[in-house]
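Have a look at the structure below before the remarks.
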Number of protein chains: 2
Amino acid sequence: MNFSSKLIEEAVSAFASLPGIGKKTALRLTLHLVSQDVEYSREFAQALTQMREKIRHCIDCHNISDAEHCAICANPGRDKGLVCVVEGIRDVMAIEETGQFRGLYHVLGGIISPIEGIGPEQLNIDSLIQRVEKGTIKELILAISPTIEGETTMYYLTRKMADHDIRVSTIARGVSFGGDLEYADELTLGRSIQARIPYRVASDPDARS
Amino acid sequence: MNFSSKLIEEAVSAFASLPGIGKKTALRLTLHLVSQDVEYSREFAQALTQMREKIRHCIDCHNISDAEHCAICANPGRDKGLVCVVEGIRDVMAIEETGQFRGLYHVLGGIISPIEGIGPEQLNIDSLIQRVEKGTIKELILAISPTIEGETTMYYLTRKMADHDIRVSTIARGVSFGGDLEYADELTLGRSIQARIPYRVASDPDARS
């Protein structure tokens, strides 16, 4: 594209270096900055640099954090006996969004992938074992994608936990609530039949116990 | 969304304040910055603030510019007798992309719109008249959208130019090259029949003169 301005060209390149932002969108965003006060661009830039310079990773669970411990680990109301093991930060956010989980997390920072050269030593697995060895954790919930790499990671973790007196579970997978059977993929539908559970009437108070 | 980090929240808000960027995309972009070096975020932020602080508008044509005169006005190879009048900066870029125009531009900075309270005095019309009064401009090409506001603007400009010895033209509109007639909108197709031109064989050298 012909920008007739070096400054615009550099700003467009900066935006276009972000994932999923093409040249046209980058130009639109750049011209938006031009149409606003100088102060707007300064504040925008500052929010990003401040965040990047000050952001840390929680020393316990490796979640992103503003302080040494993240807000979840620092919360005294959370169940310290229950730890949900996830691949990344976004998984933490997705589970937090549900409001259904009151335990802590452990962010692996990826999954074991020999093809990409990621072994257990590149992931936050040692620190997970150290947390388990402290003895407060009663159960690990593995919330990891059921891909080949994910299954490998879960198998590795389960073997590592075999020596410890700890329950290891994985999240339930199946046809989603409101999902039509005819549109469910075969693997999910097949597994959901194999992993069937006893039917409970939702309104039956006994069934809830 | 629950970010468990004030810094992340602020960076996400900053990205989400841009047009067309939603919360989910903003989070994706923020986490991309986190995954890169601190230096990347600094350079990204600097490209934007530098651009915004230093960018100017050409004192002749009001196009965005790094200097007093934009690269187009400063180019001695451009035809100073031909000026294309456009609404905005993006129109300049679109026309420059074609490589078909060797004249100069005049950016109005909008069009006359009584509903939005934009009158001729809010647009760069006075400076256009001053440019015309200098006498070097032979023809104005109005490349303005044929909406009600656009037509009003073109009518206003044409009347203002009536006292000057200058040709005023508008760009050709019609069914696009390669466009199927059945998919063309009625207005465009109807006007393209009214504004029909004599057929010329493209390979006929006489027809090109």
Side-chain angles (χ1 to χ4, degrees), chain A residues 1-15 17-21 25 27-58 63-67 70-72 75 88-90 92-93 96-97 99, chain B residues 1-15 17-21 25 27-58 63-67 70-72 75 88-90 92-93 96-97 99:
Chain A
M1 243 185 274
N2 190 331
F3 299 116
S4 76
S5 159
K6 195 95 194 113
L7 293 167
I8 293 286
E9 201 177 318
E10 278 164 14
V12 169
S13 302
F15 271 125
S17 74
L18 295 173
I21 305 281
T25 304
L27 176 60
R28 191 165 50 74
L29 298 178
T30 303
L31 294 182
H32 175 72
L33 293 187
V34 173
S35 74
Q36 304 289 313
D37 286 345
V38 179
E39 212 39 57
Y40 174 82
S41 294
R42 283 202 196 116
E43 279 168 16
F44 176 79
Q46 216 200 325
L48 304 185
T49 43
Q50 275 254 26
M51 180 280 294
R52 188 61 193 85
E53 281 167 8
K54 292 194 184 166
I55 200 80
R56 301 209 255 162
H57 288 273
C58 175
N63 186 17
I64 39 170
S65 172
D66 297 354
C70 76
I72 298 167
N75 183 346
I89 298 155
R90 251 183 278 191
V92 174
M93 288 179 187
E96 283 298 288
E97 268 311 88
Chain B
M1 244 184 272
N2 189 332
F3 299 115
S4 74
S5 158
K6 193 96 194 115
L7 293 166
I8 293 287
E9 201 178 318
E10 278 164 13
V12 170
S13 302
F15 272 124
S17 75
L18 297 173
I21 305 282
T25 305
L27 176 60
R28 191 165 51 73
L29 298 177
T30 304
L31 294 182
H32 174 72
L33 293 187
V34 173
S35 74
Q36 303 290 311
D37 286 345
V38 178
E39 213 40 58
Y40 174 82
S41 294
R42 282 201 196 117
E43 280 168 16
F44 176 79
Q46 215 198 325
L48 303 185
T49 43
Q50 276 253 27
M51 180 279 294
R52 188 59 193 84
E53 280 166 7
K54 292 192 183 165
I55 199 80
R56 302 210 254 164
H57 288 273
C58 175
N63 187 15
I64 39 172
S65 172
D66 297 353
C70 76
I72 298 167
N75 183 346
I89 299 155
R90 250 182 279 191
V92 174
M93 290 179 185
E96 283 299 288
E97 267 311 89

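Since the model is a prediction, treat every value here as computed from it, not as a measurement. Below, chain A is the first sequence line, B the second, and so on; all start at residue 1.
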Next on the checklist: How long is the straight-line distance from CE of A:Met93 back to CG of B:Leu31, given to the nearest 0.5 Å?
Outcome noted: 5.5 Å
Next on the checklist: With chain A as the partner, which of B:Val34, B:Asn75, B:Ile21, B:Ile64 has the greatest number of non-hydrogen pairs under 4.5 Å?
Outcome noted: B:Val34
Checklist entry - Which region of B:Ser17, side chain (C-beta onward) or backbone (N, CA, C, O), has a non-hydrogen atom less than 4.5 Å from a non-hydrogen atom of chain A, or is it both or neither? => result both
Checklist entry - Side chain, backbone, both or neither: which part of B:Phe15 has an atom under 4.5 Å from a heavy atom of chain A? => result both
Item to check | Spatial distance of atom CE (B:Met51) from atom OG (A:Ser5) [nearest 0.5 Å] | outcome: 8.5 Å
Checklist outcome for this item: What one should report as the nearest heavy-atom pair of B:Ser41 and A:Thr49 is O-CG2, 3.8 Å
Checklist entry - Which bit of B:Asn63 comes within less than 4.5 Å of chain A, counting heavy atoms only: side chain, backbone, both or neither? => result side chain
Item to check | Leading residue by heavy atom contact count with chain A [cutoff under 4.5 Å; candidates B:Pro19, B:Gly88, B:Ala67, B:Gly20] | outcome: B:Pro19
Next on the checklist: What part of A:Gln36 gets within 4.5 angstrom of chain B, counting heavy atoms only: side chain, backbone, both, or neither?
Outcome noted: backbone
Checklist entry - With sequence neighbours excluded, what pairs up with B:Gln46 under the side chain to side chain donor-acceptor pair (under 3.5 Å) test? => result none
Checklist entry - To the nearest 0.5 Å, how far apart are CD in B:Glu39 and CZ in A:Arg52? => result 10.5 Å
Next on the checklist: Return the CG to CD distance between A:Asp66 and B:Glu10, rounded to the nearest 0.5 Å.
Outcome noted: 8.5 Å
Item to check | B:Ile55 versus chain A, the contacting section by heavy-atom distance below 4.5 Å | outcome: both
Item to check | Partners passing side-chain contact (heavy atoms from CB on, under 4.5 Å) against A:Ala47 (at least two apart in sequence or in another chain) | outcome: B:Ala14
Checklist outcome for this item: In terms of heavy-atom pairs under 4.5 Å with chain A, the winner among B:Val38, B:Val12, B:Ile89 is B:Val38
Checklist outcome for this item: Per side-chain contact (heavy atoms from CB on, under 4.5 Å), A:Leu48 is matched among B:Leu33, B:Leu7, B:Leu29 by B:Leu33
Item to check | Residue part contacting chain A, namely of B:Thr30, when any heavy atom lies under 4.5 Å | outcome: both
Checklist entry - Is it true that a side-chain atom of B:Arg90 and a backbone atom of A:Leu27 form a donor plus acceptor pair closer than 3.5 Å? => result no
